[in-house]
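No hydrogens, no waters, no symmetry mates; every other heavy atom, side chains included, goes into these values. None of the values given here were measured: they were computed from a predicted structure. By convention here, the first residue in the shown sequence is residue 1. Each ligand, and each atom within it, is numbered from 1 in the order the structure gives.
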Amino acid sequence: MNVTAPSPSGRRAPFPEGGRDWDDLRADMRARSADDIDWRNGRAPLYVFHNDQETYEIGRRAYFEFFSENALGRKRAFHGIQSMERDVLDFGLSLFSAPSSGEGVFTSGGSESILIGMKAARDAWRAEKAERGPGSAMNIVMPDTAHPAFDKASDLLGFEIRRAAVAPDGRADPEAMRPLIDAETIAIVGSAPCFPYGVIDPIDRLSALAGETGKWLHVDACVGGWIAPFFRMNGRGTPDFDFRFEGVRSISADLHKFGFCPKPASTVFFRDAADAERATFVADAWPSGRFETSTLAGTRPGGAVAAAWAVLNHLGTSGYRDAAARLAEMVDLYVEGITAMEGLRMIAQPDLSIIAFTSERDNMFDVATELGTHGWLVGQTRRPPGIHSMMSLFHAPAREAFLADLAASLERVRAGKGRSGAESDVIY
Ligand SMILES: Cc1ncc(COP(=O)(O)O)c(C=O)c1O
């Protein structure tokens, strides 16, 4: 490799001389992010999650208490991290009604939780029959709306992905998934909720399908896991999705989304500790001794574990119920404001705090592009063309401005004055 080759931008930063002090570094960092999206004022449709200032501060302080500790060494060296991680996993097992056989793994995010869940499903499938060794054909069957983290896991683990059309209400359709299932299916998937439309798949029916076909059902509750139960406790009628359904064998749930914990933090839970064992990777051949991890990462931030423990203890049932109530109220007001605009309709009625809306008469790519000129980073869907937002409580004070700019954007597009957008603009 030619190490002097220029970077694709044509400019390569030289290795620094060193010696810059904090004031100088901070000023430089701030200058570099001066034109970042104004996420604190609700201008980003995803990426950053927020409850309130106190929760933020508690997460931040707990993180920096354990800034240097490495969760890889929690069993031997960092007993505080080990005990806090144990608590967090126990909290999740209780929240998701896992039987006493259940176990969990603390990971760095939804993608890692899904990867680990799929590795365990693969190893369980292989364990069923001796001939299912490396090189066997394998597939996972999931609704069209399942997250690309499953495509990534499939790429890494060598599965074929089979996507089934969803029902008109945007939820998984078990009858459309059934014909795609065969002897090589290692898992079927449901989401709680799915990212594109914000609805919780019918986990009761997917559980029955898993039972009938003898397949592993993974519920991707990366978005909803740590908050949906509190919507339900508040009487919102949010569907159940957890281990109370017999067919559910694993659940991914992100702490760093609606658990309001600092990144990187997620969890994956298994109905049975034997499946969690399958998630564990062991290597013993090298000179240094047995290496055992249940995560893709080796070194992991102790701060993320401590912060999750602190935030969960700070909020608890009352804090999450309060956050769920405020989220629900905000979502209802957004939905009311959007659907009051002639020509716009929700793609699906949101179960939690993801909203997605479309129009039969307007080019939504154009509306999104026009809205972007007002300083919003606009989330989009392609099927159908729509505007999408995974909202957190930063978005509550931004509602009136968003609705006004949306109305103005619609008007300009309808008057033929808007900027035109294209499907290819939809990226994450
Ligand atoms: C439903 C769902 N699953 C999984 C993920 C992946 O999570 P992460 O970005 O933490 O890897 C996301 C991310 O938005 C998601 O919406």
Side-chain angles (χ1 to χ4, degrees), residues 39 44-50 59 92 96 104-119 121 140 142-157 161 163 166 170-172 187-203 206 217-228 238-239 241-242 248 250-269 295-297 300-301 304-305 307-308 327 347-348 350-356 377 379-382 386 388-392 395 426-428:
W39 52 269
L46 75 168
Y47 304 132
V48 187
F49 300 85
H50 181 71
F96 303 139
V105 178
F106 193 110
T107 74
S108 65
S111 302
E112 189 178 14
S113 290
I114 287 169
L115 177 72
I116 297 304
M118 292 299 97
K119 170 184 152 32
I140 61 178
M142 58 192 210
D144 190 34
T145 46
H147 194 270
F150 290 97
D151 299 70
K152 186 187 279 185
S154 297
D155 187 49
L156 293 170
L157 295 167
I161 285 274
R163 283 181 187 270
V166 296
R171 297 174 206 271
I188 64 173
V189 174
S191 308
C194 68
F195 181 79
Y197 308 143
V199 289
I200 297 183
D201 288 332
I203 304 302
L206 290 174
L217 171 59
H218 179 89
V219 175
D220 176 15
C222 281
V223 171
W226 290 92
I227 195 73
T238 310
F241 61 88
D242 63 19
V248 176
S250 54
I251 299 176
S252 45
D254 289 355
L255 290 156
H256 65 201
K257 292 194 174 83
F258 291 96
F260 307 118
C261 300
K263 304 172 189 70
S266 173
T267 44
V268 56
F269 297 98
T295 47
L296 185 61
R300 295 193 286 126
V305 175
L327 277 169
I347 296 174
D351 278 329
L352 296 164
S353 60
I354 291 179
I355 58 164
L377 182 67
Q380 287 180 252
T381 54
R382 283 188 305 179
H388 178 277
S389 185
M390 177 152 67
M391 293 192 297
S392 78
H395 293 96
V426 183
I427 48 166
Y428 282 94

Classify the ring geometry of F195 against H147: parallel below 30°, tilted from 30° to 60°, perpendicular beyond 60°. perpendicular
Quick one: are the ring centres of F49 and W39 less than 6.0 Å apart? no
Within the structure provided, determine whether L327 and L352 are in side-chain contact (heavy-atom separation under 4.5 Å). no
Considering all heavy atoms, the nearest C222-G110 contact: SG-CA, 3.4 Å
Heteroatom distance test (K257, ligand 1): nitrogen or oxygen, under 3.5 angstrom: yes
I'd like to know whether ligand 1 has K263 as a neighbour, heavy-atom separation below 4.0 Å. no
Near I114, which atoms of ligand 1 are under 4.0 Å from a heavy atom of that residue? 4 (C)
What protein heavy atom is closest to atom 15 (C) of ligand 1, reported as residue, atom name and distance in Å? H147 CD2, 3.2 Å
Subset of ligand 1 atoms that lie under 4.0 Å from at least one heavy atom of F195: 16 (O)
Out of curiosity, D151 CG to M142 CE, how far, rounded to the nearest 0.5 Å? 4.5 Å
At less than 4.0 angstrom from any non-hydrogen atom of C222, what atoms of ligand 1 do you find? 2 (C), 3 (N), 4 (C)
Please identify which atoms of ligand 1 are closer than 4.0 Å to at least one heavy atom of S111. 6 (C), 7 (O), 8 (P), 11 (O)
Going by the order shown, which atoms of ligand 1 are within less than 4.0 Å of some heavy atom of G109? 10 (O)
Proximal ligand 1 atoms for H256, defined as those under 4.0 Å from one of its heavy atoms: 10 (O)
Please step through side chain to side chain donor-acceptor pair (under 3.5 Å) for the pair H50 and S392, ending with a clear verdict. CA-CA 6 Å; H50 181 71; S392 78; over 6 Å; no
Residue, atom name and distance, where the atom is the protein heavy atom closest to atom 1 (C) of ligand 1: D220 OD2, 3.3 Å
Can an N or O of A149 be found at a distance shorter than 3.5 Å from an N or O of ligand 1? no
Only heavy atoms of V223, strictly under 4.0 Å: list the atoms of ligand 1 that pass. 1 (C), 15 (C), 16 (O)
Kindly indicate whether the side chain of H218, heavy atoms from C-beta on, has any atom under 4.5 Å from the side chain of S252. yes
Which of the atoms of ligand 1 are close to D254, meaning less than 4.0 Å from one of its heavy atoms? 7 (O), 10 (O)
